[in-house]
Undergrad: 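Take a look at this one; I'll ask things after.
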Amino acid sequence: MVRVIDVPTLQRFVAERGIEVVLSELTEAIEAAYVRWDDFDKSARHATHFDHGVIELMPVADATRYACKYVNGHPDNPKDGRMTVAALGILSDVASGYPLLVTEMTLLTALRTAATSAMVARHCARLDTHTLALIGTGAQSEFQTLALRNERPLRQIRFYDVDPAAMEKYAHNMAQQNLELVPCASIAEAVAGADLVTVATAIKDRQSLLTPAMLRPGMHINAVGGDCPGKTELDPVVLPACDIIVEYEPQTRIEGEIQGSTLPVTEFHEIARGTRDGRQTRDAITLFDSVGFALEDHAALNWLYANLRKATDVALIPDPEDPRNLFAMLQPPMPTYGRAANF
Ligand code: NAD
């Protein structure tokens, strides 16, 4: 039997636990995985590119668990009423190779991406960070806001999106969060005075949303949307001014803001393991060049498997009496092996 977590099950679970608690637990789980960096068999994800988007497989394993995520990135999907990013996850037992869990992973990806941003901001953003500029108020934006507020005493959110409907949606969703919400008419206006800048747009192009004139000493930039070859968000001239933190350098060199560049970077595990400080000086400008790494999914899937037990077990793997007589499973009378709830 394989535990299957569908969208309603995950919705109920997060509602019962509290979204801020979930974000905080995921932040801890992901950082703990980065501390165990050497335990993992890692690789850059496998990406199949199309003119209008990408479909990716993201595997990673340690000695006990193998995880793999299927995820897409289709920036024009919202025009047809579909999300830019949708995902499914699998967690397997390394000893037998059998899957343990198949789960929705679109909501879980938004949660883990925000938790990862928070984890890096914990080490890189100044402690007295009160103002967040948010560029792009799409599906990831509220998750990012709440996760970052778990780590720093955010009071003001200055936000901008090219689509006014996305800005209205964000303002509505964040209205009860006791934050000063400042809608802005441009990126420059949003970034002015911000200590922390999150960029989470979805355009399959080389963009120059943040320019050198917008940088301030001590700023931490959390660049989430540049995650594919030919899809970046920052003016490349910004990069040499920053201390650049990445998840897994071989993947980020292909997909991140640093694609095509030879600039030096720090892999986050060095910071997690205490061999390097995230923030070197008060005035340094730090940049988290986030692309999303399988290790974060491994941590999120293990956290989910350990904590969400009220799910349905489904017969996705045959269980023949004689493991070498798989054929008997298709001979009459058909052996019964059906669905059973485990709660
Ligand atoms: P989304 O399509 O829901 O939202 C993107 C928003 O950006 C839209 O509201 C759009 O109007 C806005 N936008 C586009 N161009 C803009 C511009 N020039 N200025 C301001 N706003 C602009 O997408 P999403 O699910 O929120 O994802 C955002 C980005 O994050 C995507 O590029 C996605 O691929 C990426 N992503 C990264 C990770 C990661 O781990 N790094 C994980 C998930 C998603």
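Quick caveat, the model's predicted, so the values are computed rather than measured. Ligands are counted one by one from 1 in listed order, and the atoms in each one are counted from 1 as well.
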Undergrad: May I ask you to establish whether Arg3 and Tyr305 are in a cation-pi arrangement, using a distance under 6.0 Å from NZ or CZ to the six-membered ring centre and at most 45° from the ring axis?
TA: yes
Undergrad: Kindly give the cluster partners of Tyr66, where membership spreads through any ILVMFWY side chain lying under 4.5 Å from a current member.
TA: Val94
Undergrad: Can you pull the side chain to side chain donor-acceptor pair (under 3.5 Å) pairs that have at least one residue in residues 211-225, sequence neighbours excluded?
TA: Ser117-Asn222, Gln144-Asn222, Asp195-Arg216, Thr198-Asn222, His220-Thr286
Undergrad: Mind telling me whether Phe293 and Trp37 have parallel, tilted or perpendicular rings, with 30° and 60° as the class edges?
TA: tilted
Undergrad: Show me the pairs that pass ring-ring contact (aromatic ring centres under 6.0 Å, His included) and involve residues 170-193, at least two apart or across chains.
TA: Phe159-Tyr170
Undergrad: Does CZ belonging to Phe50 count more than 12 external heavy atoms closer than 6.0 Å?
TA: yes
Undergrad: Show me, by chain and number, every protein residue that has a heavy-atom distance under 4.0 Å to ligand 1.
TA: Pro78, Thr84, Val85, Arg112, Thr113, Ile135, Gly136, Gly138, Ala139, Gln140, Tyr160, Asp161, Val162, Asp163, Ala166, Ala200, Thr201, Ala202, Ile203, Gln207, Leu209, Val224, Gly225, Asp227, Lys231, Ser290, Val291, Gly292
